[in-house]
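Here's the structure, in structure tokens; my notes come after.
The basis for the numbers below is simple: all heavy atoms, side chains too, and nothing from hydrogens, waters or symmetry mates. In what follows, every chain begins at residue 1, and chains take the letters A, B, ... in the order their sequences are listed.
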Amino acid sequence: MNKNQTEDESKKKTSLNFIEQLIEKNISEGKNEGRVHTRFPPEPNGYLHIGHAKSICLNFGLANRYNGLTNLRFDDTNPVKEDVEYVDSIMNDVKWLGFDWEDRLYYASDYFDQLFEWAVKIIKAGKAYIDDQSADEISAQRGTPSKPGMESPFRNRSIEENLDLFQRMKNGEFPDGARVLRAKVDMASPNMQLRDPAMYRIKHAHHHRTGDKWCIYPMYDFAHGQSDFIEGITNSICTLEFEVHRPLYDWYLDQIVEGNYRPVQTEFARLNLTYTVMSKRKLLQLVEEKLVNGWDDPRMPTITGLRRRGYTPESIRNFADTIGVAKRDNVIDVALLEHSVKEDLNKKANRVMAVLDPIKLIITNYPEGKVEELDATNNPEDESAGKRTMYFSRELLIERDDFMENPPGKFFRLTPGKEVRLRYAYVIKCTEVIKNNAGEITEIHCTYDQETKSGTGIPLNRKVKGTIHWLSALHAIPAEIRLYDRLFINENPDITDEGKDFKSNLNPDSLKVVNGFVEPVLADAFHESKYQFERNGYFCVDLDSSPEKLVFNRTVALRDSWAKMNK
RNA sequence: UGUCCGAUGGUGUAACUGGCAACACGUCUGAUUUUGGUUCAGAAGAGUCCAGGUUCGAGCCCUGGUCGGACAACCA
């Protein structure tokens with residue numbers, strides 16, 4: 001047994017993902033003096049989502065493991081798509097996740113001067129040229145993956161002319177799209193990325209940082225590896241779709257690198273989640289078409305949405321850890337993400353009782369006007385969370401579906417003639433059901449057994465099959481409770497019947513607003529507190545609730561239990 | 001029709017330089033329990049895409065296929 005344990009532990013230590021293996025190999029070979037320096041390089045054109053979280057945890061985690069550093073770099077080379085709103089939100093989200101780039105905050109736009117110089121150098125080396133053709137013409141000449149491209153008529157311009165034209169592009173002499181700087185690589189390459197890719201394009205657009213200083217902007221490929229190089233990055237980790245770009249990444253580096261140091265690009269598979277769309281374009285569409293209430297809508301897979309939904313940074317980091325990193329395409333069941341937050345909240349969340357859909361319950365043998373104070377444990381798994389006081393009285397509220405007049409098969413809760421325990425209070429027995437003219441249940445009458453008070457230590461001489469939650473009608477605090485479900489009905493929302501787009505898979509019932517009641521302690525609940533409501537899942541106080549209006553968001557419905565209960 | 005990448009229980013990730021395919025989640029049983037939660041104990045579930053080859057021995061190496069993905073923005 002003991003032997004197995006130590007074996008497992010040593011196995012865990014040596015169980016490295018493929019990037020860690022690469023890093024250890026590099027370290028053992030003394031590459032880059034054994035330094036490990038990564039970067040997280042988002043384009044500020046949208047909010048970060050759970051897929052980015054995977055990348056953030058990977059990059060910062062790797063650096064942490066090998067005593068390295070991680071930079072935050074905004075890849076802001078396309079001014080028309082980018083905005084400061086996004087850079088602010090990205091910084092917040094990375095911080096919230098618990099990572100610190102310290103003083104290493106960079107922008108690709110910081111390097112525009114250097115990039116321009118390097119472009120000139122490459123022109124001077126005869127490895128780049130100005131093409132006067134339109135985007136359409138260039139595209140037509142590019143060929144197809146199976147057919148080689150044709151060379152541009154401008155490919156063999158003189159270096160002097162190229163230099164002059166490039167300078168004039170920079171000076172703003174030409175309109176958008178009039179000319180483009182292209183790398184002279186190989187129009188017949190089987191790798192499309194190498195067929196004379198664009199390096200610089202003209203965009204007379206205001207940049208969120210450089211303002212109107214520039215009217216030409218470098219392409220991703222010409223900016224990224226160079227930025228890595230400038231920052232001393234050793235491991236440039238990106239997603240699989242950039243795999244075919246790697247030869248270009250290296251080609252550009254070949255043109256400028258002198259000396260031994262150079263960054264290496266490594267690709268990993270991006271995260272896919274069931275019942276979730278992850279593309280920024282689609283998330284933007286949901287926001288713009290008001291199909292959700294903004295980027296931080298708790299139904300969104302954005303970091304800020306998850307945060308409002310009640311996710312903790314730890315739970316997201318643990319999730320990233322659990323799913324690992326590899327090169328094959330994957331689809332993770334969203335239930336695993338939900339599991340990670342349940343696991344974390346189970347340890348941290350204070351338990352509190354709530355009633356979403358109340359029905360009045362009268363304890364007929366309880367004195368009118370009497371109020372008892374009862375002790376309730378805040379967190380059975382954490383003694384230090386302490387206790388709170390609950391008020392017990394003759395008139396109570398219980399959850400409507402905790403009672404059934406004619407229960408089918410396995411029903412463990414309140415039913416006529418049977419006993420259940422009111423959590424932290426007494427065992428009660430249902431004696432009568434009061435209905436209105438329409439036949440709807442309006443009140444349930446019960447008797448309580450004084451001997452069964454919780455916490456007295458007196459052993460119960462009989463078995464009670466269920467424990468239900470309750471609130472004193474007099475003391476309950478009204479609260480708005482938002483029940484969020486999955487945003488999409490379809491396990492893979494990107495796949496639709498032909499002709500329809502992903503929005504046809506939206507779940508019409510993904511948000512339900514309920515006017516329920518909660519315990520008095522929650523009246524002074526503070527922002528971002530996490531609570532576990534008995535039987536109804538985890539809730540957190542919504543960011544925009546106020547003392548006048550308590551709002552809760554449900555984190556995770558205890559689906560499995562509910563499914564069983566409703567069988 | 002080209003190039004590159006990938007393929008291991010339901011899902012994801014391991015398996016060192018070839019050595020009895022492991023871990024987590026999920027599922028199912030059972031136990032505890034003042035939440036049908038939690039916790040605990042146990043079980044089932046793959047023989048590693050296919051066909052050859054090398055080898056005493058192949059998930060791992062070689063050859064050929066199959067299937068899936070990426071690449072034809074002046075996006076990142």
Side-chain angles (χ1 to χ4, degrees), chain A residues 8 11-12 14-17 21 41-43 45 75-78 80-82 131 133-136 138-140 142-149 176-182 189-195 197-203 216-217 219-221 223-224 238-247 267 269 274 280-281 321-333 335-336 339-340 342-343 346-347 351 353 377 380-381 410-413 420-425 427 452 454-455 460 464-469 532-538 558 560-565 567:
Chain A
D8 281 355
K11 207 173 254 177
K12 233 177 212 170
T14 56
S15 173
L16 304 174
N17 67 46
Q21 286 176 22
E43 182 187 18
N45 69 343
D75 218 334
D76 54 353
T77 57
N78 187 358
V80 303
K81 282 187 167 184
E82 296 149 9
D131 199 326
Q133 299 179 103
S134 70
D136 286 346
I138 290 174
S139 172
R142 202 182 306 275
T144 69
S146 52
K147 263 179 261 155
D176 288 6
R179 289 189 163 84
V180 65
L181 178 68
R182 290 227 263 168
S189 170
N191 182 347
M192 298 287 294
Q193 303 303 322
L194 261 21
R195 320 245 258 233
M199 291 169 66
Y200 266 93
R201 75 291 214 188
I202 302 171
K203 274 180 197 281
I216 58 171
Y217 292 92
M219 301 289 293
Y220 162 84
D221 286 296
H224 203 92
C238 61
T239 47
L240 243 30
E241 64 266 30
F242 291 101
E243 224 161 10
V244 282
H245 291 240
R246 193 178 346 125
E267 309 84 12
T274 55
K280 271 192 197 172
R281 206 199 88 237
D321 223 52
T322 311
I323 59 175
V325 45
K327 285 193 87 153
R328 78 170 118 158
D329 298 323
N330 60 81
V331 184
I332 310 267
D333 193 331
L336 189 57
H339 165 83
S340 71
K342 278 194 228 174
E343 193 181 38
N346 241 331
K347 285 179 271 180
R351 274 61 160 176
M353 299 205 216
T377 305
E381 286 160 61
K410 281 189 173 181
F411 184 78
F412 298 163
R413 291 158 283 160
V420 293
R421 174 175 285 285
L422 294 175
R423 187 142 164 90
Y424 297 122
V427 171
T452 59
S454 288
L460 202 57
V464 179
K465 52 183 179 171
T467 300
I468 64 171
H469 51 137
Q532 184 183 20
F533 287 172
E534 309 280 345
R535 195 179 280 120
N536 281 306
Y538 301 90
L558 299 180
D560 313 337
S561 312
W562 281 6
K564 274 182 201 162
M565 279 159 53
K567 250 179 207 167

If anything within 90° of 0 is syn and all else is anti, what is B/rG47? syn
Below 3.5 Å, does any donor atom in the side chain of A/Thr467 face an acceptor in the base of B/rU35, or the other way round? no
Is A/Arg201 near enough to B/rC75 that one of its side-chain N or O atoms lies under 4.0 angstrom from OP1 or OP2? yes
Using atom C1' of each nucleotide, how far apart are B/rA14 and B/rA72 to the nearest Å? 38 Å
Under-4.0 Å salt bridge between A/Lys81 and A/Glu43: no
Measure distances between side-chain N and O atoms of A/His245 and base N and O atoms of B/rA70, and say whether any donor-acceptor pair falls under 3.5 Å. no
Scan nucleotides 41-46 of chain B against the protein and return all N/O pairs shorter than 3.5 Å with their distances rounded to 0.1 Å.
none

Syn or anti for B/rA73, with syn set at within 90° of 0? syn
Within the structure shown, what part of the strands sits under 4.0 Å from A/Phe242 by heavy-atom distance: base, sugar-phosphate, or nothing? base
Take the angle between the ring planes of A/Phe242 and A/His245 and call it parallel below 30°, perpendicular above 60°, tilted in between. perpendicular
If you compare every side-chain N and O of A/His339 against the phosphate oxygens of B/rG26 (OP1, OP2), does one of them come in below 4.0 Å? yes
Is any side-chain nitrogen or oxygen of A/Gln21 closer than 4.0 Å to OP1 or OP2 of B/rU17? no
Base-paired stems in RNA chain B, each at least three Watson-Crick or G-U pairs under 3.5 Å: B:2-7 with B:66-71, B:10-13 with B:22-25, B:27-31 with B:39-43, B:49-53 with B:61-65
It should be established whether A/Ser15 places a side-chain nitrogen or oxygen under 4.0 Å from OP1 or OP2 of nucleotide B/rA22. no
It should be established whether A/Lys203 places a side-chain nitrogen or oxygen under 4.0 Å from OP1 or OP2 of nucleotide B/rC75. yes
side-chain hydrogen bond (donor to acceptor under 3.5 Å, both in side chains) between A/Tyr538 and A/Asn346: does it pass, once the steps are laid out? CA-CA 9 Å; A/Tyr538 301 90; A/Asn346 241 331; 3.3 Å; yes
Do the side chains of A/Lys327 and A/Glu243 get close enough for a salt bridge, i.e. N-O under 4.0 angstrom? yes
With a 3.5 Å cut-off and no angle check, do the side chains of A/Asp131 and A/Gln133 form a donor-acceptor pair? yes
Does A/Leu240 reach a base, just sugar-phosphate, or nothing at all? Heavy atoms under 4.0 Å. nothing
Looking at the side chain of A/Met192, which of B/rC74, B/rA72, B/rA14 is the nearest nucleotide? B/rA72
So, does the side chain of A/Glu381 form a donor-acceptor pair with the base of B/rG37 at under 3.5 Å? yes
Under 4.0 Å from OP1 or OP2 of B/rG36: is there any side-chain N or O of A/Arg423 that close? no
With sugar-phosphate meaning primed atoms plus P, OP1 and OP2, does A/Val325 contact a base, only sugar-phosphate, or nothing at under 4.0 Å between heavy atoms? sugar-phosphate
